[in-house]
Enquirer: 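Structure provided below as structure tokens; questions to follow.
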Amino acid sequence: RACFFTGDYYGAIDAKATLLKMDTTRTSSRMTIGAYRMMSGQYDSAGEDFKSALAQNPSDKIVAFNMALWHLNTTADTARARELLTGAGVASAEGSTMYESRIRLAEILKQSKNVEERRQARELFQQGVNGLLVQLKANAASTSTMLWLGAGYLGLGDSPTAGDFLNTA
């Protein structure tokens, strides 16, 4: 983790790969390597890591979320990203605290020509914002939460509030 926090993503990849060799059943290590590879621009390898982690544990919501981000950011495959975000229940309201997933799914649905999907997008943006505001109370210094809140408020059309969160982050 020290490598990651100092911005040495290549060192972080090597360290996690060493841990993965010791325990190949750790889905989280495989997914984390994929995330570090995304951060270092190794997109093809990152996709393979996410695919492998998802194959190892298809119900892992964090892996599904990262795989969806990979699709959105590298292939622009919104259909597959949407499938990942909805299929594993990643963006569902029932018990999930993955508010970022709701915001990403809402961003996809907001572009739909279907009126019901656009209405659902607004609900997902609101759910995401509401949940993230609770998280922010617990950790007021979380720049990640502030960034996601900014995205959520942008989705709701509240640019001034979005700007406040994004500028603070």
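Remember, predicted model here, so these are calculated numbers, not experimental data.
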Enquirer: Would you check, one step at a time, whether the test side-chain contact (heavy atoms from CB on, under 4.5 Å) holds for I62 with M31?
Expert: CA-CA 8 Å; I62 297 172; M31 188 268 317; 3.8 Å; yes

Enquirer: Side-chain contact test, heavy atoms from C-beta onward, threshold under 4.5 Å: evaluate it for L105 versus R82 and give yes or no.
Expert: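 Yes. Closest side-chain heavy atoms under 4.5 Å.
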
Enquirer: Look at atom CG of N139 and say whether more than 12 heavy atoms of other residues, nucleotides or ligands are closer to it than 6.0 Å.
Expert: yes

Enquirer: Just do the side-chain contact (heavy atoms from CB on, under 4.5 Å) check on T75 and R80 with the steps written out, would you?
Expert: CA-CA 10 Å; T75 67; R80 179 65 178 136; over 6 Å; no

Enquirer: Would you say that more than 12 heavy atoms from the other residues, nucleotides or ligands in this model lie under 6.0 Å from the CZ of R26, or not?
Expert: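 Not more than 12 within 6.0 Å, no.
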
Enquirer: Using every non-hydrogen atom in the two residues, find where T32 and S28 come nearest and quote the distance to one decimal.
Expert: OG1-O, 2.7 Å

Enquirer: Indicate yes or no: at least one non-hydrogen side-chain atom of L132 is less than 4.5 angstrom from one of I103.
Expert: yes

Enquirer: Could you walk me through whether E100 and F65 pass the side-chain contact (heavy atoms from CB on, under 4.5 Å) test, one step at a time?
Expert: CA-CA 9 Å; E100 302 89 341; F65 175 69; 3.8 Å; yes

Enquirer: Considering all heavy atoms of both residues, which atom of A46 and which atom of G34 are nearest to each other, and what is their separation?
Expert: CB-O, 3.3 Å

Enquirer: How long is the straight-line distance from CG of D77 back to CD of E83, given to the nearest 0.5 Å?
Expert: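 The distance works out to 8.5 Å.
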
Enquirer: Do the side chains of Y10 and S40 get nearer than 4.5 Å, heavy atoms only?
Expert: yes

Enquirer: Evaluate the side-chain proximity of M38 to F50: yes if any heavy-atom separation is below 4.5 Å, no if none is.
Expert: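 Yes, close enough: below the 4.5 Å cut-off.
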
Enquirer: Under 3.5 Å, is there a donor-acceptor pair between the side chain of W70 and the main chain of Y43?
Expert: yes

Enquirer: Taking the side chain as every heavy atom from C-beta outward, state whether V134 and N130 have any atom pair closer than 4.5 Å.
Expert: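 A side-chain contact is absent here, since even the closest heavy-atom pair is not under 4.5 Å.
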
Enquirer: Taking the side chain as C-beta and beyond, is there a heavy-atom pair between Y36 and K16 under 4.5 Å?
Expert: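 Yes, close enough: below the 4.5 Å cut-off.
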
Enquirer: So if I apply the side chain to side chain contact (heavy atoms under 4.5 Å, CB included) rule between L124 and each of Q127, R122, Q126, which one comes out positive?
Expert: Q127

Enquirer: Please report the closest heavy-atom contact between T168 and D164, naming both atoms and the distance.
Expert: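 Closest approach of T168 to D164, heavy atoms only: OG1-O, 2.7 Å.
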
Enquirer: Taking atom CG of L85 and atom CD1 of I108, what is their separation to the nearest 0.5 Å?
Expert: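 Answer rounded to 0.5 Å: 5.5 Å.
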
Enquirer: If you group Ile, Leu, Val, Met, Phe, Trp and Tyr whenever their side-chain heavy atoms sit less than 4.5 Å apart, what else falls in with V115?
Expert: none

Enquirer: Decide whether L19 and I13 are clustered together by the hydrophobic rule: side chain heavy atoms of Ile, Leu, Val, Met, Phe, Trp, Tyr closer than 4.5 Å, transitively.
Expert: no

Enquirer: What distance do Q42 atom CD and I33 atom CD1 have between them, rounded to the nearest 0.5 Å?
Expert: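 One finds 10.5 Å between CD of Q42 and CD1 of I33.
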
Enquirer: So which residues get pulled into L154's cluster when ILVMFWY side chains under 4.5 Å apart are joined, directly or through others?
Expert: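 Under the 4.5 Å side-chain rule, L154 groups with L147, L166.
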
Enquirer: Are Q56 and T25 packed together at the side-chain level, in the sense that at least one heavy-atom pair is separated by less than 4.5 angstrom?
Expert: yes

Enquirer: Are any of the side-chain heavy atoms of Y153 and F165 separated by less than 4.5 Å?
Expert: yes

Enquirer: Any salt bridge (Lys or Arg N to Asp or Glu O under 4.0 Å) involving residues 103-115? Give me the pairs, sequence neighbours left out, ordered by first then second residue.
Expert: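 As it turns out, the salt bridge (Lys or Arg N to Asp or Glu O under 4.0 Å) pairs with a partner in residues 103-115, which skip direct neighbours, are R104-E107.
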
Enquirer: I need the S101 OG to W148 CH2 distance, nearest 0.5 Å.
Expert: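 Spacing of OG (S101) from CH2 (W148) equals 7.5 Å.
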
Enquirer: Run the side-chain contact (heavy atoms from CB on, under 4.5 Å) check on K51 and L54 step by step: do they pass?
Expert: CA-CA 5 Å; K51 287 175 191 171; L54 199 58; 5.8 Å; no

Enquirer: Might you point out which heavy atoms bring M146 and A169 nearest each other, and give the distance in Å?
Expert: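 Distance-wise, the nearest heavy atoms are CB-CB, 3.8 Å.
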
Enquirer: Between T6 and D8, do the side chains contain an N or O donor and an N or O acceptor separated by less than 3.5 Å?
Expert: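 Distance-only check fails for T6 and D8.
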
Enquirer: Donor-acceptor pair, distance only, cut-off 3.5 Å: does the side chain of S52 make one with the backbone of E48?
Expert: no

Enquirer: Measuring from L149:CG to L136:CG, what's the distance to the nearest 0.5 Å?
Expert: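 One gets 6.0 Å once the value is rounded to the nearest 0.5 Å.
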
Enquirer: Over all heavy atoms of both residues, which pair between C3 and A12 is shortest? Give the atoms and the distance, please.
Expert: CB-N, 3.4 Å

Enquirer: Would T161 and D158 count as having a side-chain donor-acceptor pair, cut-off 3.5 Å?
Expert: yes

Enquirer: Which heavy atom of L84 sits nearest to which heavy atom of A64, and what is that distance?
Expert: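 Taking L84 first and A64 second, the nearest heavy atoms are CB-O, 3.9 Å.
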
